[in-house]
Trainee: 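My questions all concern the structure below.
Values below: all heavy atoms of this structure, side chains included; hydrogens, waters and symmetry mates excluded. A note on names: the letters A, B, ... follow the listed sequences, proteins ahead of strands, and every chain is numbered from 1.
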Amino acid sequence: RKEVEQDPGPFNVPEGATVAFNCTYSNSASQSFFWYRQDCRKEPKLLMSVYSSGNEDGRFTAQLNRASQYISLLIRDSKLSDSATYLCVVNIAYQKVTFGTGTKLQVIP
Amino acid sequence: DAEITQSPRHKITETGRQVTLACHQTWNHNNMFWYRQDLGHGLRLIHYSYGVHDTNKGEVSDGYSVSRSNTEDLPLTLESAASSQTSVYFCASSEYGDAKNIQYFGAGTRLSVL
C-alpha cells in the first residue's frame, strides 16, 4: 500500500461548482498534513496546512480525519484559475514528507 | 525577497555524461531536498541535507550524488547520465526545527538524456 494515495482524476467541473478531493495515508503516526497546488510544468506551492480541527481559507476548506486516516480538500465556487493538480502531502516523521501523486482538477467555463 | 533558484531550467545531454544541476536558496534554510517528478510517480526524493556537510539518500538515490559545502547551495550530480534519468527535477528547502516541515520549491529543471 502506498504511503499516500490520491485519486488522479481528472475532475472536470463547471465554474461555480463545489468539488472535493480525498487523500488517504497509511501511517497512523503521521504528524502534519498539507495540500499543495501544482500548475502544469511548474513547481508545487503550498496551498494550505491541514489541522485536526479543520481549517478554511476563503473558498478552500481542509479537513483531517485521523480515525480513518484521510484528509480532504473542498473547493467552493470553483474558478477557472483553480485548474491545477492538487498534491496531498504528509509529514510522516521528523523532516520526512511524502507526496501523493496528485489529483487533477479542470474547471470548465 | 528570499527565493530558491535552479539552473539550468532546461538541459539536454547524452548518455554517459556527467551532469550537475544547481540549486541556490536565500531563505537561509538548513534543510534542502532534491526530487524528481515523473508521470504516475509523483515527487520522489533523491537526496536531502539537514545542514552543511550533511547529506542523506532518499528513495531513488542510485546514480545521483550531492554535496553541501555551504547553507545556500545543494548541487545534484548525475555521475553518468542514463535515459531513465530523463525527468523534471525540483529542489526544495525548509526551515530546520519547523515541525511542519513546509517545503518551498524551485522552478525545476527539465532534463533530457538522449
Side-chain angles (χ1 to χ4, degrees), chain A residues 1-10 21-27 29-53 55 57 62 64 66 71 84-105, chain B residues 1-7 9-10 21 23 25 27 29-51 54-61 87-112:
Chain A
R1 183 183 173 186
K2 289 184 179 179
E3 291 182 349
V4 178
E5 291 197 76
Q6 295 182 251
D7 181 342
F21 312 132
N22 280 345
C23 164
T24 59
Y25 60 94
S26 61
N27 191 326
S30 298
Q31 299 170 355
S32 50
F33 310 86
F34 314 92
W35 285 102
Y36 276 66
R37 170 191 169 130
Q38 186 173 25
D39 293 291
C40 186
R41 303 169 89 86
K42 294 191 174 181
E43 74 273 24
K45 293 183 178 178
L46 179 67
L47 178 66
M48 58 197 303
S49 300
V50 186
Y51 303 117
S52 296
S53 55
N55 49 299
D57 183 1
L64 167 63
R66 283 193 182 273
I71 67 172
T85 296
Y86 291 83
L87 306 177
C88 170
V89 183
V90 176
N91 188 356
I92 291 175
Y94 181 68
Q95 307 296 351
K96 181 182 185 296
V97 297
T98 297
F99 289 80
T101 54
T103 297
K104 185 172 183 179
L105 171 66
Chain B
D1 284 348
E3 60 180 1
I4 179 166
T5 55
Q6 294 183 232
S7 62
R9 294 294 314 281
H10 299 89
L21 309 183
C23 176
Q25 52 99 4
W27 291 98
H29 285 162
N30 277 318
N31 301 337
M32 295 184 73
F33 309 84
W34 273 104
Y35 295 90
R36 60 178 289 175
Q37 187 173 38
D38 306 284
L39 281 174
H41 288 281
L43 285 158
R44 291 184 291 175
L45 184 63
I46 304 171
H47 281 286
Y48 59 102
S49 168
Y50 290 153
D54 176 75
T55 61
N56 306 280
K57 293 182 179 180
E59 63 179 299
V60 291
S61 61
S87 187
V88 180
Y89 291 85
F90 288 104
C91 179
S93 70
S94 69
E95 185 173 340
Y96 185 80
D98 176 1
K100 293 181 180 179
N101 195 21
I102 294 173
Q103 298 189 7
Y104 300 89
F105 285 81
T109 294
R110 190 169 297 272
L111 177 68
S112 296

Trainee: Can the ring centres of A:Tyr36 and B:Phe90 be said to be less than 6.0 Å apart?
Mentor: no

Trainee: Rounded to the nearest 0.5 Å, how far does CD of B:Gln37 lie from CD of A:Glu43?
Mentor: 11.0 Å

Trainee: Measure distances from A:Gln6 to the heavy atoms of chain B and classify the residue's part below 4.5 Å as side chain, backbone, both or neither.
Mentor: neither

Trainee: Using side chain to side chain contact (heavy atoms under 4.5 Å, CB included), reason through A:Thr101 and B:His41 one step at a time and then give a plain yes or no.
Mentor: CA-CA 6 Å; A:Thr101 54; B:His41 288 281; 5.7 Å; no

Trainee: Could you walk me through whether A:Phe99 and B:Phe105 pass the ring pair (Phe, Tyr, Trp, His ring centres under 6.0 Å) check?
Mentor: CA-CA 13 Å; A:Phe99 289 80; B:Phe105 285 81; 5.8 Å; yes

Trainee: For B:Gln6, is it the side chain, the backbone, both or neither that has a heavy atom under 4.5 Å from a heavy atom of chain A?
Mentor: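 Contact with chain A is absent: no heavy atom of B:Gln6 under 4.5 Å.
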
Trainee: Please state whether the side chain, the backbone, both or neither of B:Arg110 comes within less than 4.5 Å of a heavy atom of chain A.
Mentor: side chain

Trainee: Please rank B:Gly58, B:Gly106, B:Gly108, B:Ala92 by heavy-atom pairs under 4.5 Å with chain A and give me the top one.
Mentor: B:Gly106

Trainee: Given A:Leu87 and B:Leu43, is the side chain to side chain contact (heavy atoms under 4.5 Å, CB included) satisfied, shown in steps?
Mentor: CA-CA 10 Å; A:Leu87 306 177; B:Leu43 285 158; 4.1 Å; yes

